[in-house]
Amino acid sequence: MVDAPLNIVVLAAGQGKRMCSQKSKVLHEIAGRSMLAHVLASARSLLPNKLIVVHGFDGDRVKAEISEDDVIWVEQRERLGTGHAVLQAVPYLEGGITLILYGDVPFISGRTLKNLVQLCDGDQMSLLTAIINDPAGYGRIVRGFDGKVSQIVEHKDANAQILEIKEVNTGFMAIPTCRLKEWLGKLNCNNSQGEYYLTDIIAMASQSGLGIGTMHPSDLIEITGVNDKVQLAQLEREYQEKNAFALMESGVQLADPNRIDVRGTLVCGKDVYIDVNCVFEGEVRLGDGVRVGPFNLIKDATILDNTRIEPHCHLVKCFIGKDAVVGPYARLRPNTQIEDSVRIGNFVEVKASHIGLGSKVNHLSYIGDAEIGEGVNVGAGTVTCNYDGVNKHKTVIQDKAFIGSGTMLVAPVQVGSGATVGAGSTITDSVEAGDLAIARSRQINIAHWESPFARKKQ
Ligand code: UD1
Ligand code: CA
């Protein structure tokens with residue numbers, strides 16, 4: 001049934017009381033995105049015909065936070081069990097195969113799901129099971145003498161003999177849709193929890209002669225669910241540790257694999273070094289030989305070869321060329337493009353600006369909406385005054401210009417190539433190439449000034 005339609009149903013109606021939260025459990029973030037968003041990303045990698053999320057508690061917020069419009073939302077008004085939850089999705093199911101996922105098990109991989117779907121065909125359903133040392137809480141996989149799965153018994157309904165079984169139901173399963181529909185209609189809630197258990201269809205499958213194929217995930221993190229904030233933090237650490245080891249195995253040098261957080265994708269060239277306590281968000285690319293100092297937050301950025309990021313920088317949606325040095329304590333805001341060999345120093349903020357090859361902005365400056373050429377030197381404490389209270393205006397500084405310390409550049413304004421601006425100037429008119437502009441009131445010295453302090457003493 002490889003080409004049969006595929007429906008994916010994600011169960012996400014539970015409140016998750018133990019999260020002690022006003023928002024739905026599945027909206028809690030792990031590695032920088034909600035648990036539900038992780039699950040949906042893996043689900044989408046299978047290119048399903050239908051992607052259905054069963055929501056309940058806090059449903060409006062859940063819907064609002066998932067921006068993609070490929071999801072069919074189905075409400076489960078009363079939380080009567082996993083079988084009842086899947087039943088809500090039945091009107092939307094096409095034929096073929098239905099794959100069931102949980103919204104609070106975030107790291108299930110697309111590859112495992114593909115294998116699970118491939119194990120399912122018209123004559124067989126498939127279950128993802130795992131062997132666990134401490135299986136408490138899980139439904140147990142019961143097998144007959146022939147080794148075939150005969151039923152799943154929930155922990156709360158299990159006798160002592162069944163509680164000994166260490167093979168558990170992870171909850172992930174793929175079933176021929178027509179059989180699923182038939183069996184969901186036959187479920188009852190005669191069990192210790194008074195719920196409609198999805199797992200009861202396994203016994204029906206076994207009795208009907210449908211094959212039940214089982215497989216294990218490649219890593220237990222794939223099937224680890226979250227019930228409270230302790231487990232959320234533990235799973236986050238487990239994920240970060242695995243990610244850090246994968247980075248090191250690919251050649252990245254980490255000062256301490258326990259002190260890096262990747263909330264998105266970090267792609268590194270050769271011989272990248274990352275010091276402690278750095279956070280990478282969104283899509284970050286680091287070229288060969290990039291060095292990232294301690295305590296940096298880098299989000300949606302590309303940094304080319306051999307550039308050095310000194311400690312305590314905040315870099316968001318920006319591009320930095322080769323051989324540059326940024327920081328310590330620099331802030332690069334969205335739409336900033338820094339060319340090769342640029343130097344951005346301490347307490348410098350740059351927003352929506354382009355800074356050309358080899359230019360320097362070394363100390364205590366604000367550069368916003370600016371186009372800065374090559375070989376420019378911007379002195380300490382320079383501010384592009386880009387905002388008049390309503391509109392933003394552009395500052396242009398051409399190649400090799402020299403801006404003295406403490407300059408206010410009142411935009412729109414242009415400083416021509418090779419021009420010089422005297423320190424402390426407030427520049428409101430453009431400066432021609434090669435000119436010197438000084439715009440400050442002349443200094444007045446008053447001789448023999450009697451200070452108020454001196455007067456008081458008399
Ligand atoms: C379920 C399985 C159990 C398995 C375990 C794995 C059943 C009856 N039991 O148990 O065999 O070992 O998961 O973690 O299926 N949900 C709804 N609506 C409901 C009930 C649940 O959407 O009415 C959702 C929850 O939000 C959650 C998932 O279904 O994402 C699983 O529900 P949960 O109550 O955690 O099931 P378990 O008792 O853990
Ligand atoms: Ca659970």
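Counting convention: from 1, in listed order, for ligands and their atoms alike. Since the structure is predicted, the reported quantities are computational estimates derived from the model, not experimental observations.
- Side-chain atoms of Asp369 and Asn386 include a donor-acceptor pair closer than 3.5 Å.
- For the ring pair (Phe, Tyr, Trp, His ring centres under 6.0 Å) with Tyr329, the lone residue among His314, His363, His312 that qualifies is His312.
- Contacts of Gln76 with ligand 1, taken as heavy-atom pairs under 4.0 Å, involve the side chain alone.
- Contact annotation: for Ala85 versus ligand 1, heavy atoms closer than 4.0 Å belong to the side chain alone.
- At a threshold of 4.0 Å, the pair Glu167-Arg143 counts as salt-bridged, since one of the basic side-chain nitrogens sits closer than that to a carboxylate oxygen.
- Geometrically, ligand 1 and Leu198 share no nitrogen or oxygen pair separated by less than 3.5 Å.
- Residues Ser192 and Asp157 have side chains that bring a donor and an acceptor to within less than 3.5 angstrom of each other.
- Taking every heavy atom of Leu11 and a limit of under 4.0 angstrom, the matching atoms of ligand 1 come to 22 (O), 24 (C), 29 (O), 30 (O).
- Shortest non-hydrogen contact noted between Leu364 and Val348 is N-CG2, 3.7 Å.
- Close N/O approach between Gly171 and ligand 1 is not found [any backbone or side-chain N/O within under 3.5 Å].
- Residue contacts with ligand 1: Gly225 is excluded, as none of its non-hydrogen atoms falls under 4.0 Å.
- The closest non-hydrogen atom to atom 27 (C) of ligand 1, taken over Leu80, Asp104, Val153, comes from Asp104.
- A salt bridge does not link Glu29 with Arg263: every distance from a Lys NZ or Arg NE/NH1/NH2 to an Asp or Glu carboxylate oxygen is 4.0 Å or more.
- In summary, the atoms of ligand 1 found under 4.0 Å from a heavy atom of Ala12, numbered by their order in the structure, are 22 (O).
- Heavy-atom contacts of Gly14 reach the following atoms of ligand 1: 22 (O), 26 (O) (cutoff under 4.0 Å).
- Under a 4.0 angstrom heavy-atom cut-off, His84 registers as lying outside contact with ligand 1.
- Less than 4.0 angstrom separates some heavy atom of Gly139 from each of these atoms of ligand 1: 3 (C), 4 (C), 11 (O), 12 (O).
- With a 4.0 Å heavy-atom cut-off, ligand 1 is reached by the backbone of Thr170 but not by any atom from C-beta on.
- Polar contact with ligand 1: absent for Glu78 (N/O pair, distance under 3.5 Å).
- For atom 6 (C) of ligand 1, the candidate residues are Thr199, Asn169, Val226; the nearest heavy-atom contact is made by Asn169.
- Under 3.5 Å, the side chains of Gln234 and Glu238 contain no donor-acceptor pair of N or O atoms.
- At a heavy-atom cutoff of 4.0 Å, ligand 1 is contacted by no atom of Val54, backbone or side chain.
- In this structure, a donor-acceptor pair under 3.5 Å is absent between the side chains of Ser206 and Ser150.
- Ion pairing between Arg237 and Asp261 holds under the 4.0 Å rule for side-chain N and carboxylate O.
- Ion pairing of Glu283 with Arg285 is absent here, as no side-chain N (NZ or NE/NH1/NH2) approaches a carboxylate O to less than 4.0 Å.
- Taking every heavy atom of Glu154 and a limit of under 4.0 angstrom, the matching atoms of ligand 1 come to 2 (C), 3 (C), 7 (C), 8 (C), 9 (N), 10 (O), 11 (O).
- Taking each of Tyr197, Tyr138, Tyr102 in turn, the one with a heavy atom nearest to atom 13 (O) of ligand 1 proves to be Tyr102.
- Annotation for Asp305 and Gly287: closest pair OD1-CA, 3.3 Å, computed over non-hydrogen atoms.
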